[in-house]
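Accompanying notes for the structure given below.
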Number of protein chains: 2
Amino acid sequence: MASITRRRAVSRPASAEAEILAATRRILTEGASFTDLGVQQISTAAGVARSTFYAHFRDKTDLLLRLATEMLSTSFDVASSWEPTEGVDKAAEDFLRILGIYREHAGVLRAIGEVATYDQTVRDFWSQGLARFTERTIEALRVEQAAGRTPADIDLVSAARVIVVGGERAIFDHITSAPPADDATFARELARTWWYGVYRRPA
Amino acid sequence: MASITRRRAVSRPASAEAEILAATRRILTEGASFTDLGVQQISTAAGVARSTFYAHFRDKTDLLLRLATEMLSTSFDVASSWEPTEGVDKAAEDFLRILGIYREHAGVLRAIGEVATYDQTVRDFWSQGLARFTERTIEALRVEQAAGRTPADIDLVSAARVIVVGGERAIFDHITSAPPADDATFARELARTWWYGVYRRPA
DNA sequence: GTTGCGCCGGACATCGTGTCCGGACGAGCT
DNA sequence: AGCTCGTCCGGACACGATGTCCGGCGCAAC
């Protein structure tokens, strides 16, 4: 790596924190429920005292949010690239890539979905993320309608909701119950359903 | 009401239990999180001692399952009626009816979705319900394919997953964030998306 | 009146959470 | 070397929720 001027304590590994993050990711990947996961277990798995946990995270929710933002910053640009003009096959390709990312972060994603159902903070965090995609979808559909390629009588909000919310759930369900070998088939099916069901629905 | 021969204690109201069920339904309808809901709060709301709760329910999960089966037995036949031969407009009508049922039981449904994310028992209960619809959908699609009305290259399992799982989620999301006045529009949109995206997708 | 039953109400053990603090250890400074 | 500061340990504590248990009370049936 590049020769960086030695910084002081600030840039030090802060090992405990990183250890906790890593251990939690590991445990979640193994399929454990985040709700049932106690602070004691996390600390033990990270090789750290329980009190140290609270020195770095306000509570379990704080930890989850940290994990989530970390994940989003790693794989962000992914799903926001597709444009209707690129066609249905490109959409299938993009969905396939999204499936890969979802599989990679399945543990954290599951935890988010879990806590989001009963914790307002996490719910807001996540729905804000989905809202961005919904906005994008609505805008793309509006353009298509204006160009006469998508039927004018489509209700943009409803259609976008079905695509984004329903699609996200279907993807999540798929990766938690089907093998990676089925990903390409599923991605193709999803792309075509949205394409012929919405973007190119017969008038 | 009809003159029924007086039965003994067995047919007595068993008021405490009914009170608990009713109070829980009421609280959930008001939007509270089932996870954050304590046994003490439920008991107080039902006008019953906490120990009485445990005399009727093994724990909170037991209560939720009781509420869920009760709901399903009330409104069961609903969504299993539609056949592809009835067309897209009939599908929209059926979806509208389903939206009504979902709104009616929104509280309990939310609680189930909540607990299902971290409790194996509840998760199994609910996914078993959805699995029935998935089976039906696969079968219906198979018939349509055989008759040449649905493209032969559709992957039945993926398509059914998108329809059932994605649709369920989109419906749930809709009723929790849009007013009833929007129901008809949403139902129409959902029906058309599945119809033109899957059942009548161009070959 | 007596019996049976459903309910009350409170005690109890147990567990997870979040806070606090004294003290150990090590890295860097002087 | 000695000092200091930041990080971490380990354990104590208060609190609240869970699930169990049991003595006692009131009502309705016989």
Applying side-chain hydrogen bond (donor to acceptor under 3.5 Å, both in side chains), run through Gln128(A) and Asp124(A) and close with a yes or a no. CA-CA 6 Å; Gln128(A) 202 175 358; Asp124(A) 289 348; over 6 Å; no
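The distance from atom CD of Gln41(A) to atom C1' of dC15(C) is 12 Å, rounded to the nearest whole Å. In this structure, Leu37(B) atom CG and dG16(D) atom P are separated by 17 Å, rounded to whole Å. To the nearest angstrom, C1' of dA17(D) lies 16 Å from CG of Leu63(B). For the pair Gln40(B) CD and dC8(C) C1', the interatomic distance rounds to 13 Å; values are reported in whole Å. Rounded to whole Å, atom C1' of dG6(D) lies 14 Å from atom CD of Glu17(A). If you measure from atom CZ of Phe34(B) to atom C1' of dA17(D), you get 14 Å, rounded to the nearest angstrom.
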Within the sub-3.5 Å range, which N or O atoms of nucleotides 19-25 of chain D have a protein N or O partner, and how far apart are they?
unit_1  : atom_1 : unit_2   : atom_2 : d
dG19(D) : OP2    : Tyr54(B) : OH     : 3.2
dG19(D) : N7     : Arg50(B) : NH1    : 3.2
dG19(D) : N7     : Arg50(B) : NH2    : 3.4
dG19(D) : O6     : Arg50(B) : NH2    : 2.7

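Among the duplex regions that DNA chain D forms, those built from at least three successive Watson-Crick or G-U pairs under 3.5 Å are C:1-30 with D:1-30, ordered by first number.
Contact annotation: His56(B) side-chain N/O to dC7(C) OP1/OP2 distance is under 4.0 Å.
Note on ring orientation: taking the six-membered ring where Trp is involved, the planes of Phe172(A) and Tyr102(A) are perpendicular (angle over 60°, cut-offs 30° and 60°). Between His174(B) and Phe186(B), the ring planes are parallel. Angles under 30° get that label, and only those over 60° would be called perpendicular.
Evaluated for a side-chain contact (heavy atoms from CB on, under 4.5 Å) with Leu64(B), the options Asp59(B), Thr69(B), Val115(B), Thr24(B) yield exactly one hit, Val115(B).
Looking only at distances, a side-chain donor or acceptor of Glu189(B) sits under 3.5 Å from a matching main-chain atom of Asp155(A).
To the nearest 0.5 angstrom, Lys60(B) atom NZ is 10.5 Å from Asp119(B) atom CG.
Here Trp195(B) and Phe95(B) keep their ring centres 6.0 angstrom or further from each other.
The shortest heavy-atom contact between Leu141(B) and Ala159(B) is CD1-CB, 4.1 Å.
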